[in-house]
Amino acid sequence: MAKLIVLAGPDAGAQFALDEPRVTVGRHSSNTLPLLDHRVSRKHLELRLTLAGGHQLFDLQSGNGTQVNGRHVQVIDLRPGDQIALGDTLLMYTTDGDGLGAGAAASVTLGPAPPDATRLVLQSTPEYPSAIVRRVAADAGRQALRQPDAVTSEWLRGRLASLAVMYEASDAVSRIADVGELLARLLDLMLRTTEADQGCALLLDPETGALEPRAVRSRAGATGGEFVVSRTIADYVLQSGEGVLLADAAGDARFAGGASVARHRLREVICVPLAGRHGTVGVIFLDTTADHAADATTFTDDHLTLAVAVAHQAAIAVEDARHSAQLLHAERLAAVGQTIAAMSHHIKNIMQGVRFGSDMVRMGLNDDRDLLVKGWRLVEKNQGKIDDLILDMLSYSKEREPALEEVDLLALAADVIDIVRGRAERSGIAVEWQPVTLPLVTCDPDGIHRALLNILSNAVDALSETDEPRVVVTTALADGFAELVVTDNGPGVPAARVADLFKPFVSTKGSRGTGLGLPVSRKILQEHGGDVTVETEPGRGATFRLRIPHPPTVRSES
């Protein structure tokens, strides 16, 4: 059986079996394989089982795109070993046949490599049990990291203790996204390792340069009282870029002017910079108080070195978090700008119709009833456009869970057709309803009604200049989906523009469309765990399929 292994990203280490004919991957919970990566689209890609038993990858118009082996793709047949990059996540596609049987000989090429790359040749060889001098269990390394004190070798015990701390710090950095929570976890780790009494992590404000506490911990956990950090020591560390260990803070001439050192009887201090890739983002301050015996020492050079190493990992995590926040802010600003530009164009067109209609009404008030009626109808028509635009904007922008219930899709589709048929017949367009019997389908009836109405209205609009225009609506049940199918004999869509059909504010109807109908319809279906697909050729019309999982893959929240 094929599977995906997460090599990097928030879900690193997870494995997903591809045991269904169609598998969707994305950050939304309705996906077959939901990911925690916030840079992955809600519905990012789909893997479809091929007749040969492999899988074909389809990018679902994702925001950041999909790469296979470093190359952007839309559709590709996967081979064992292919690496799939989406957002910050790296997946590897494998099958059960990837490994080599016991005793088999094979030649294996390691990864993408130039033609002259070295090849690893695996050959069966005689066993030499007499040459084995010692055996160790496969999980011995993990057990040693968990309990370094249990190791008998003093040399190895000391090194494993430091390695275990770094391993735990790396694990926290990889799993905890919130900066405050991460710093608190690392402070707990430092207190446990160095036997400090208390500690504080302070970050520099990027705008003001002021040091602000982000996490404070003591041996009893988070402190609720006052914790004073020596600004004199913190400033020295920030300016020098060096970590310092003070065995007698009050007696050190460099910090004699620090009132907090004397007032709070700080005796031993470790203060290290949070030095990342691009600069120092703050400091970590650990201390002990004068309550200890005068001749006792707590901190060592090893503690200082370990604190510097852990602080470096924390600083990189802080930089990454700030960089992600900046990117998200920039993306939001860009999206707002694009939305305002697109919406102002559509609103301007609608307001021109309203203004023209109001002018007709004003002139019709002079005892011209026909002109008054025409003007009022024009105002009402454009008012309807405003209502549709606002509803589409809300539907597209708002995350929502479908309100699921058992629905008769045939009755729902017939109702939509009745709404559209009158306008279609006035334009000489035939709308044919050719239902195929379906069982009750679990879905959100209001959402599916709106999606089908958008699709069917678009089909009617596309036939305005077609000879013998005709739209056929039918149903189907296949591959675990109930389908509503809308087919027209219009001009079709050029291949180069198919990818733009579901992008917001892209309309083929000029000023008559808002560019949100198709994106809203796809969003509604994707919220159900389904999708809207299109099959079209220039001059040969288009077929839109609204695919609803049956049985459903989404359940409403209790």
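Numbers here are sequence positions counted from 1. What you are looking at is a predicted structure, and each value in this text was computed from that prediction instead of being measured.
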Chemist: Is there a salt bridge (charged side-chain N to carboxylate O under 4.0 Å, His left out) between D531 and R547? Walk through the geometry before answering.
Modeler: CA-CA 5 Å; D531 203 354; R547 312 185 76 226; over 6 Å; no
Chemist: For residues A201 and L187, report the shortest heavy-atom separation together with the two atoms involved.
Modeler: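 It is N-CD1, 3.7 Å.
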Chemist: Without swapping roles, check the side chain of S62 against the backbone of G65 for a donor-acceptor pair under 3.5 Å.
Modeler: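 Between the backbone of G65 and the side chain of S62 there is a qualifying donor-acceptor contact (under 3.5 Å).
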Chemist: Side chains of K43 and S30: any donor to acceptor distance under 3.5 Å?
Modeler: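 Yes, K43 and S30 have a side-chain donor paired with an acceptor closer than 3.5 Å.
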Chemist: Can a salt bridge be assigned to the pair E212 and R214 using a cut-off of 4.0 Å between side-chain N and carboxylate O?
Modeler: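 Salt bridge: no.
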Chemist: Examine the side chains of N31 and T24 and answer whether a donor and an acceptor come within less than 3.5 Å of each other.
Modeler: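 A pair is found: one side chain offers a donor N or O, the other an acceptor, under 3.5 Å apart.
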Chemist: Taking the side chain as every heavy atom from C-beta outward, state whether R22 and L47 have any atom pair closer than 4.5 Å.
Modeler: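 Not in contact.
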Chemist: In terms of heavy-atom contacts, does CZ of R175 have more than 12 from other residues, nucleotides or ligands at under 6.0 Å?
Modeler: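 Yes, CZ of R175 has more than 12 neighbouring heavy atoms, counting only those of other groups under 6.0 Å.
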Chemist: Should we say atom CG of D178 is surrounded by more than 12 heavy atoms from elsewhere, each under 6.0 Å from it?
Modeler: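 Yes, the 6.0 Å shell around CG holds more than 12 heavy atoms from other groups.
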Chemist: Begin with the C-alpha distance, continue with both residues' side-chain angles, and end with the deciding distance and a verdict on side chain to side chain contact (heavy atoms under 4.5 Å, CB included) for L238 and L211.
Modeler: CA-CA 10 Å; L238 288 173; L211 272 176; 3.9 Å; yes
Chemist: Which of these, V68, L18, I5, sits in a side-chain contact (heavy atoms from CB on, under 4.5 Å) with Y93?
Modeler: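 Answer to the side-chain contact (heavy atoms from CB on, under 4.5 Å) test with Y93 among V68, L18, I5: L18.
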Chemist: With a 3.5 Å cut-off and no angle check, do the side chains of E405 and T442 form a donor-acceptor pair?
Modeler: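 Result is no, nothing qualifies.
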Chemist: Short question: side chain of E319, backbone of H278 - any donor-acceptor pair under 3.5 Å?
Modeler: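 Yes: the side chain of E319 pairs with the backbone of H278.
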